[in-house]
Amino acid sequence: MPYALRAQTSAPPVAAVRPTALTAHGDTRTDNYFWLRERDDPEVIAYLDAENAYFEAETAHLRTFEDALFEEIKGRIQQDDAGVPYRLGDWLYAYRFAEGEQYPVYTRRPLGEIEDEAVILDVNALAEGHGFYSARFSEASLSPDGRLLAWAADTTGRRVYTIRFKNLETGEVLPDEIPEVTGNFVWANDNRTLFYSKQDPETLRSDRIFRHTLGTEAAADPLVYREDDDTFSTYVGKTTSDAYLVIGSSQTLTTEYRVLDADDPDGAWRVVQPRQRDHEYHVDHLDGHFYIRTNLDAPNFRLVRAPEDAPGVESWDEVIPHRADVLLEDLTLFDDFLVLSERKDGLTRLRVRPWAEGETAHYIGFDDSAYVVYVGQNPNPDTGTLRFVYQSPTTPETTYDYDMASRERTLLKQEAVLGGFSSAAYRAERLWAPARDGERVPVSLVYRKDLFQKDGTNPLLLYGYGSYGHSIDPGFSSTRLSLLDRGFVFAIAHIRGSQTLGRRWYEDGKLLTKKNTFTDFIDAAEYLAAEGYGDRARLYALGGSAGGLLVGAVMNMRPDLFDGIVAKVPFVDVMTTMLDDSVPLTTSEYDEWGNPNDKTYYDYMLSYSPYDNVTAQAYPNLLITTGLHDSQVQYWEPAKWAAKLRALKTDQNRLYLHTDMGAGHGGASGRFDRYRETARDYAFLLDLAGLTDADANGSR
């Protein structure tokens with residue numbers, strides 16, 4: 001049954017009205033809740049606490065159901081799970097989770113040995129005493145000789161890390177500590193020098209690269225590179241060959257790379273190709289050549305090769321030409337093969353191309369109508385085996401090793417889903433929704449076969465993002481089964497602003513065409529309802545971060561369309577944020593949203609900014625979530641939005657704001673804590689849909 005209005009059990013918080021005039025281009029906006037920006041103000045904390053208390057009181061009737069959902073979600077997870085080992089040097093590295101533990105344990109063992117496993121990093125032990133703990137560990141953590149490990153830890157959720165070191169031969173944690181950094185770092189080949197990036201303390205823009213030598217004071221680390229353009233961020237990496245260290249500088253439309261011989265950490269860096277407006281390129285190296293994926297004269301990117309001593313454009317030799325119907329997203333270099341990660345007609349695919357003349361390239365084939373495939377961990381170029389990962393809305397994450405010569409694939413692991421899960425019980429579809437301007441919007445969806453009727457009676461949850469060229473692919477989620485097994489249809493609208501249909505799809509959903517992102521989402525929802533995939537009275541929407549902007553804008557444009565919306569860490573105060581260059585991400589995103597210091601962009605952005613366009617009208621039921629220490633979307637954006645909506649909306653629908661007082665943009669750090677958040681969101685949606693009494697075995 002559709003959601004029936006339930007009386008409030010407590011009075012909602014009312015934020016104090018303290019008008020602040022914000023003037024630009026002769027236009028004055030009055031922001032009644034600007035004061036909520038003061039994170040250290042006790043009154044701000046008291047308001048957030050009051051909103052949390054109101055949420056807890058109003059959802060008290062769901063607590064038992066939410067607990068059951070949490071146990072149901074947790075019950076599908078193989079708690080003592082382990083990752084597929086990968087080779088790096090003379091070792092096999094892996095991770096595992098222990099029963100009941102929140103965080104992974106990283107291990108290694110010598111090649112050819114089974115029993116001689118050593119724990120190199122136990123994140124559970126490190127996280128003790130911290131409400132939030134995020135550890136950065138990757139292939140870059142390990143020194144080239146495998147003796148030393150570097151890891152970065154964030155204990156607030158604001159993505160400000162401290163780098164520490166461990167001697168893996170003795171188990172000793174070294175005294176070196178590098179505080180207040182980004183968590184991005186890489187070793188030089190001398191096994192004692194680490195390059196790392198550091199952020200501006202106010203904007204959190206990664207703007208400097210430093211060099212640290214073990215045994216020296218971090219405060220004295222020499223500055224290697226400073227990125228002075230405040231629309232760029234900078235970072236460090238290493239090429240596939242391990243021969244070169246790389247400094248990258250990037251913003252929305254432009255990149256620039258510097259390289260240094262990894263054997264000479266004190267040497268001089270040199271630019272590969274000087275930055276040029278609208279030129280994005282990416283650099284790797286193997287077998288004496290730089291390989292450069294570039295969009296110069298190639299909107300969907302092409303691949304070129306250049307000699308080590310002259311990597312600039314004048315020396316480029318084309319390897320893979322531009323294709324108007326194929327987006328070249330990435331490449332993986334091997335001694336004997338080149339693997340291309342591509343996207344065509346919205347679907348990802350892998351193309352294997354031998355370097356040897358006379359041998360033909362081929363694609364790895366898949367049968368599902370909606371899926372995602374991507375390259376896994378392949379740190380060793382001296383192999384003929386490609387590791388890749390495949391999943392679909394009905395197929396759990398599956399890891400394969402693929403013999404690129406014989407074309408045989410070996411199944412290494414499929415994510416275990418406990419509780420009697422069977423892929424055959426579900427069906428995925430890929431549709432094309434007509435947009436109002438004649439475009440067709442890809443839509444991926446999944447449902448449980450025995451609970452679906454194409455007659456407009458199923459509740460439907462539509463997810464979208466649509467920004468930064470980031471494509472949301474149709475993967476698997478075991479947590480999502482708690483919706484599907486109660487009759488929900490789950491759909492992803494692959495809207496403009498992503499690169500699902502190539503670079504054009506992105507360009508047509510940003511800057512002065514941003515509203516296409518919102519209308520695509522609306523048109524996809526209308527199409528799904530018209531085609532009988534969803535109940536018009538029980539349509540729901542979910543979006544996070546820039547996807548929160550999406551659902552916030554859609555909610556203003558079509559407040560009648562959705563019964564309920566979950567907006568997670570939503571970017572909703574677009575105008576105020578983009579006018580404030582002291583806020584993280586602002587300057588680096590002028591080419592995504594527009595620079596409102598230009599009146600053309602000011603007027604356009606103001607016309608869709610969710611916070612600025614809240615008006616006196618009826619709105620859907622709404623759950624808003626945020627984190628007090630969010631470094632990307634500041635907590636005050638959703639807090640102000642909730643306060644303004646509560647003051648102006650004319651309905652009696654639910655409006656909840658929940659702030660995690662100890663987390664940031666990514667939410668809780670522990671895996672079980674994240675399941676709790678999912679159970680909370682699902683309980684809200686299932687309650688609206690009238691399905692809190694339905695179990696997950698087929699009843700409706």
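Values below: every heavy atom of this structure, side chains too, minus hydrogens, waters and symmetry copies. Note that the structure is a prediction, hence the values are computed from the model and not measured.
Residues satisfying the salt bridge (charged side-chain N to carboxylate O under 4.0 Å, His left out) criterion with Glu429, sequence neighbours excluded, are absent altogether. Here Thr519 pairs with nothing under the side-chain hydrogen bond (donor to acceptor under 3.5 Å, both in side chains) rule; sequence neighbours left out. Not a single side-chain hydrogen bond (donor to acceptor under 3.5 Å, both in side chains) links Tyr635 to another residue, sequence neighbours left out. Scored by the side-chain hydrogen bond (donor to acceptor under 3.5 Å, both in side chains) test, Trp593 finds Glu589 as partners (sequence neighbours excluded). Residues that satisfy the salt bridge (charged side-chain N to carboxylate O under 4.0 Å, His left out) test with Arg63, not counting sequence neighbours, are Glu56, Glu66. Applying the side-chain hydrogen bond (donor to acceptor under 3.5 Å, both in side chains) rule to Asp560 yields the partners Arg558; only residues at least two apart in sequence or on another chain are considered. With sequence neighbours left out, Gln617 forms a side-chain contact (heavy atoms from CB on, under 4.5 Å) with Asn556, Pro559, Thr615, Tyr619. Looking at residues two or more places apart in sequence or on another chain, you find a side-chain contact (heavy atoms from CB on, under 4.5 Å) between Leu511 and Tyr601. By the side-chain contact (heavy atoms from CB on, under 4.5 Å) test, Thr576 is found to be paired with Leu22, Arg29, Asp31, Phe34, Arg37, Asp573, Lys640, residues two or more places apart in sequence or in another chain being considered. Partners of Asp473 according to the salt bridge (charged side-chain N to carboxylate O under 4.0 Å, His left out) rule, which considers only residues two or more places apart in sequence or in another chain, are Arg343. Partners of Glu38 by side-chain contact (heavy atoms from CB on, under 4.5 Å), not counting sequence neighbours, listed by chain and number: Asp41, Val44.
When all heavy atoms of Gly487 and Leu451 are compared, the pair lying nearest together is N-CD1, 3.6 Å. Phe521 approaches Ala493 most closely through the heavy-atom pair CD1-CB, 4.0 Å. Of all the heavy atoms in Phe562 and Ala525, the pair that sits closest is CZ-CB, 3.8 Å. Between Tyr103 and Ala127, the shortest heavy-atom distance links the atoms CE1-CB, 3.5 Å. For the pair Tyr47 and Ala643, the tightest heavy-atom approach, listed with the atom from each and the gap, is OH-CB, 3.6 Å. When all heavy atoms of Thr650 and Ala616 are compared, the closest pair comes out as CG2-C, 3.8 Å.
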Report task. Start with the C-alpha distance between Lys74 and Glu71, add both sets of side-chain angles, then the distance that settles salt bridge (Lys or Arg N to Asp or Glu O under 4.0 Å), and finish with yes or no. Result -> CA-CA 5 Å; Lys74 190 172 72 168; Glu71 294 299 331; 3.8 Å; yes
Query raised in the report: What's the verdict on salt bridge (Lys or Arg N to Asp or Glu O under 4.0 Å) for Arg676 and Asp67, showing C-alpha distance, side-chain angles and the deciding distance?
Result: CA-CA 8 Å; Arg676 278 284 182 194; Asp67 290 342; 2.9 Å; yes
Report task. Test side chain to side chain contact (heavy atoms under 4.5 Å, CB included) on Val160 and Gln199 and set out the steps. Result -> CA-CA 8 Å; Val160 177; Gln199 63 275 71; 3.8 Å; yes
Requested in this report: May I have the step-by-step check of side chain to side chain contact (heavy atoms under 4.5 Å, CB included) for Leu483 and Leu691, ending in yes or no?
Outcome: CA-CA 10 Å; Leu483 294 179; Leu691 294 172; over 6 Å; no
Query - side chain to side chain contact (heavy atoms under 4.5 Å, CB included) assessment of Trp641 paired with Leu622 - result: CA-CA 11 Å; Trp641 189 41; Leu622 183 62; 4.0 Å; yes
Query raised in the report: Under the side-chain hydrogen bond (donor to acceptor under 3.5 Å, both in side chains) criterion, do Asp81 and Gln79 qualify, and how do the steps go?
Result: CA-CA 5 Å; Asp81 198 13; Gln79 289 199 33; over 6 Å; no
Query raised in the report: Checking salt bridge (Lys or Arg N to Asp or Glu O under 4.0 Å) for the pair Glu415/Arg76: CA distance, chi angles, key distance, verdict?
Result: CA-CA 10 Å; Glu415 176 190 338; Arg76 295 194 193 96; over 6 Å; no
Requested in this report: Would you please test Ser607 and Lys515 for side-chain hydrogen bond (donor to acceptor under 3.5 Å, both in side chains) and show each step?
Outcome: CA-CA 9 Å; Ser607 72; Lys515 290 182 183 178; 2.8 Å; yes
Requested in this report: Applying ring-ring contact (aromatic ring centres under 6.0 Å, His included), run through Tyr656 and Phe55 and close with a yes or a no.
Outcome: CA-CA 6 Å; Tyr656 303 139; Phe55 170 76; 5.5 Å; yes
Query raised in the report: Yes or no on side chain to side chain contact (heavy atoms under 4.5 Å, CB included) for Asp523 and Val441, after CA distance, side-chain angles and deciding distance?
Result: CA-CA 9 Å; Asp523 294 344; Val441 180; 5.9 Å; no
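Atoms OG1 and OH, on Thr517 and Tyr506 in that order, are 10.0 Å from each other to the nearest 0.5 Å.
Formation of a donor-acceptor pair under 3.5 Å by the Lys449 side chain with backbone atoms of Ala424 is found in this model. Side-chain N or O atoms of Asp520 include one that pairs as donor or acceptor with a backbone N or O of Arg496 at under 3.5 Å. Checked by atom type and distance alone, the side chain of Ser498 never pairs as donor or acceptor with a backbone atom of Ser471 at under 3.5 Å. The backbone N or O of Asn653 lies less than 3.5 Å from a partner atom in the side chain of Lys649, making a donor-acceptor pair.
Using bins of under 30°, 30° to 60° and over 60° for the plane-to-plane angle, the ring pair Phe452/Tyr447 lands in the parallel bin. Taking the six-membered ring where the residue is Trp, His470 and Tyr465 present perpendicular rings, their angle passing 60° and hence far from 30°. Note: His130 and Tyr133 have tilted aromatic rings, judged against thresholds of 30 and 60 degrees for the angle between ring planes.
Comment: Arg538 does not engage Asp563 in a salt bridge, judged by the lack of any side-chain N to carboxylate O separation of less than 4.0 angstrom. Using a 4.0 Å cut-off between charged nitrogen and carboxylate oxygen, Arg654 and Asp687 count as a salt-bridge pair. Comment: Arg136 does not engage Asp154 in a salt bridge, judged by the lack of any side-chain N to carboxylate O separation of less than 4.0 angstrom.
At a threshold of 4.5 Å between non-hydrogen side-chain atoms, the residues Leu685 and Leu461 count as touching. Counting heavy atoms from C-beta outward, Asp681 and Leu542 have side chains that stay 4.5 Å or more apart. At least one side-chain heavy atom of Val551 sits less than 4.5 Å from a side-chain heavy atom of Ile565. Residues Ile45 and Met661 meet the side-chain proximity criterion, which asks for heavy atoms closer than 4.5 Å. Using a 4.5 Å cut-off on side-chain heavy atoms (C-beta onward), Tyr533 and Val443 make no contact. Side-chain contact check for Leu686 versus Leu69: some heavy-atom pair is nearer than 4.5 Å.
Residue pairs meeting the salt bridge (charged side-chain N to carboxylate O under 4.0 Å, His left out) criterion with at least one partner in residues 42-52, sequence neighbours excluded, are Arg18-Glu43, Glu51-Arg646.
Under the 6.0 Å distance and 45° angle rule, Lys644 does not count as a cation-pi partner of Tyr33.
For an aromatic pair to be called close, the ring centres must be under 6.0 Å apart, and Phe421 with Tyr426 satisfies this.
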